[in-house]
Structures are given as structure tokens and as C-alpha cells.
Amino acid sequence: MKGTDFLTLAELAPSELESLLNLASRMKRGRKRGLGDRALAGRSVAMIFEKPSTRTRVSFHVATTELGGNPISLSSSELQLGRGETVEDTGRVLSRYVHCIMARVNEHGQLERLAKSADVPVINCLSDLYHPVQVLADLLTLREHRGPLKGLKVAWVGDGDNVCNSWTIGAALSGIRFVAATPAGYEPAKPALRLASRISSSTGAEVEVTNDPEEAVRGADCVLTDTFVSMGLEAKAAARRKVFLPRFQVGSGLMSKAKKGAIFQHCLPAHRGEEVTAEVIDGPNSVVFDEAENRLHTTKALLCTLLLGKRELAALRP
Ligand code: CP
Ligand code: NVA
């Protein structure tokens, strides 16, 4: 995996994803003893943000620092990129300074151009199409609360957005039965479903799309949702709420159709009273803050996976 870009999650083979999650668990357990605290010594990570971020910004900053590396947080308006310097020139120049570039961008195509021009690994930290680093944390959280991933059922209710698209791929790689319930016209993106279907044929996963939230949630081990109004869609907020509400809100009635003890996940930021009720997100089956914490541990594991050689990786034992 050393040196590869991480744009969709489909760059990982099923066994590589499992190893990464195992490493994240080891990192989590060994954190207090400083496991891997020199792993990225002398290495820098450029972090480019075209959109706001709390979890991604802070977890990447802390992850890089705890691994002994140097994080450089940059908004696109601070870079010449914001004044028209090309993505390609930015990628070439940054590659002469840093060992990894992570970017949160408006359009996925920008990331593909950045990855093509950069000589160092490029990590997608959210585009309009995918949010793969989020799904690493979601999968670790699911495994912690519900055991081995293969054969679990996961229901997505709401917008077939960037997080949902990455979930179709994460589920496919993990042998999960994933059912996304969205209003008609808001289904997950076709390229994500194509990747998921190709991967599922070898892992036994099932990735399905429906317009019926109750059908999706029936017997699920985990129910997930996300905002109805992703960043950049603010002008469409009122129209979107009309489409999604009330049917696609995750409330206790819908949760009661899932398997007994089913967990609730949300990548955050959340909007209580919109995509989820306060009762569910603040209730006993919600694991959203474990999920947010796991952004840190999975990010450490991802950085080590992309930047270290096999022998260095194997040395990371608690
Ligand atoms: N979940 C997530 O990516 O949060 P931020 O937008 O705060 O980074
Ligand atoms: N779908 C949301 C995720 C935020 C982390 C967005 O793109 O705004």
C-alpha cells in the first residue's frame, strides 16, 4: 500500500482494509504508551481545505503529531490555488516539500488531478462524491460494537451522499449487507454502486438501494444517516427538507424496526430534528462519539499504511 493514493476506498483489497482496521485498534489500545510515536518522524503532511471541517482537521492534525510528523493545515484561500494557480502545479510543488497531501475539495475531479500531478500519496478528506476516511472510522466503530463485519446488516436512511457512496464500497469490501433507503432521485452515485458491485462479487457482500426506509432498517445491526444538506447545497436546503421529511428522519419508531440493540451512527455534524431525532442521537444506542474518536485511530493507521514500508508497519505492535 505504501505510496498509493486513497481517493475512494476501493484502492484497498478486502484483506488490506481488515489489516488497516486491526492496526487502528492496536493504535487505539497503545495510544497512552505512545505506540508509533516516531513512525512519521521527519515527515510532513499538507492538509488542504476548500470547505470547513472540525473532526477531519483536528483528527489529522493530532494523528500526524502523535506519530511524530508535522501537519500543515492550509485553507485553499491561503494558497496560490485560491488565486488561480493550477491544481497540477500545486501538486508538483507540494510533493517537493511534504510526504503526503490530504485535501477536502468541492469537486472530486480536483482530487484526481491533484493525485495525478503529485508524487506523494493523496488522501481524499471529503469530496462531493466520496468521504472514505469517514467510513474507515465507521467500520471500526461497527466492529467494536457488533463484532466481525462479515454478514452484518447495515441500513443507510436519508441522502445518498458522499458518505453513503463510500459506505457502499466499505460494505462491499467487508462482506456486509448494506441497504440504502433514499428518496427517488437521491440514490447513491452510479460510479460508487459500480465499484461496490464489482467488489461484492468476490466478498459475498450485498449492496442494495430502496426508497423504503422501513424495509432498509428491518433486522439491521446498525442504522446510519447524514445531513440532508451537505456542504455546498445550502441554496437547496428548504427544497431538500421537503423531500426528506418526515419519512427519512431516523426516529425511535424507525430504530425499533432494526435488530434488538442495533446501534446508530452519524458522521457528524448532526441536525437534531432533521435527519435524526434528539432521542435517537442522544440515546443509549447511539455511538456517534465513539465514531468521532475513531477518526483519530483510523487516520493514524491510514497514514502509517500509506507512508511506511512493510517492515516498519510490522514493527507497530503494542
Ligand atoms: N465527519 C466529518 O468529516 O466532520 P468534519 O466536517 O467536522 O471534518
Ligand atoms: N455529507 C456531508 C458530510 C460532512 C462530514 C457533507 O458533505 O457536508
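Whatever order the structure lists them in is the order used to number ligands and atoms, beginning at 1. Throughout, numbering of the chain's residues begins at 1 and tracks the sequence.
- Against a heavy-atom cut-off of under 4.0 Å, Asp161 is close to the following atoms of ligand 2: 1 (N).
- Atom CG of Asn70 sits about 7.5 Å away from atom OG1 of Thr65, to the nearest 0.5 Å.
- The shortest side-chain heavy-atom distance between Leu114 and Ile101 falls under the 4.5 Å cut-off.
- A salt bridge is defined here as a Lys NZ or Arg NE, NH1 or NH2 lying under 4.0 Å from an Asp or Glu carboxylate O, and Glu144 with Lys28 meets this definition.
- Residue Ser230 has at least one N or O atom closer than 3.5 Å to an N or O atom of ligand 2.
- Heavy-atom contacts of Cys267 reach the following atoms of ligand 1: 1 (N) (cutoff under 4.0 Å).
- In summary, the aromatic rings of Phe248 and Phe228 are positioned with their centroids too far apart to meet the 6.0 Å limit.
- Counting the atoms of ligand 1 from 1 in the order shown, those under 4.0 Å from a heavy atom of Arg55 are 1 (N), 2 (C), 4 (O), 5 (P), 7 (O), 8 (O).
- Set against the non-hydrogen atoms of Leu126, the atoms of ligand 2 under 4.0 Å away are 3 (C), 4 (C), 5 (C), 7 (O).
- For the 3.5 Å distance criterion, the side chains of Glu279 and Ser252 qualify, holding a donor opposite an acceptor.
- Taking the centre and axis of the six-membered ring of Phe49, the NZ or CZ atom of Arg57 falls inside the cone set by 45° and 6.0 Å.
- The closest protein non-hydrogen atom to atom 7 (O) of ligand 1 is Thr54 N, 2.7 Å.
- In the vicinity of Leu268, heavy-atom distances shorter than 4.0 Å reach the ligand 1 atoms 1 (N), 2 (C), 4 (O).
- At a cut-off of 3.5 Å, with distance as the only test, no side-chain donor of Ser95 or Asp119 sits close to an acceptor on the other residue.
- Atoms of ligand 2 found under 4.0 Å from any heavy atom of Asn162, numbered from 1 in the order shown, are 1 (N), 2 (C), 6 (C), 7 (O).
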*Can you list the steps and then say if Arg177 with Glu208 is a salt bridge (charged side-chain N to carboxylate O under 4.0 Å, His left out)?*
CA-CA 8 Å; Arg177 178 162 179 231; Glu208 297 161 35; 3.3 Å; yes
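- For Asp128, no heavy-atom contact with ligand 2 is shorter than 4.0 Å.
- Under a 4.0 angstrom heavy-atom cut-off, His131 registers as being in contact with ligand 1.
- The part of Leu268 lying near ligand 2 is the backbone, judged by heavy-atom distances below 4.0 Å.
- Interatomic distance, CZ of Arg295 versus CG of Leu140, reported as 12.0 Å (0.5 Å rounding).
- No hydrogens or angles considered: nothing links the side chains of Arg143 and Ser174 as a donor-acceptor pair under 3.5 Å.
- The single protein non-hydrogen atom nearest to atom 8 (O) of ligand 2 is Met231 N, 2.8 Å, given as residue, atom name and distance.
- Taking only non-hydrogen atoms, the option from Ser53, Ala137, Pro269 nearest to atom 8 (O) of ligand 1 is Ser53.
- Close contacts between ligand 2 and Asp226 involve ligand atoms 1 (N), 2 (C), 3 (C) [criterion: under 4.0 Å to a heavy atom].
- In terms of polar-atom proximity, defined here as any N/O pair under 3.5 Å, Pro269 makes no such contact with ligand 2.
- Donor-acceptor pairing under 3.5 Å is lacking for the side chains of Thr141 and Asp290.
- Interface of Arg104 with ligand 1, defined as ligand atoms under 4.0 Å from a residue heavy atom, comprises 3 (O), 5 (P), 6 (O), 8 (O).
- Checked by distance only, ligand 1 and Arg295 come closer than 3.5 Å through their nitrogen or oxygen atoms.
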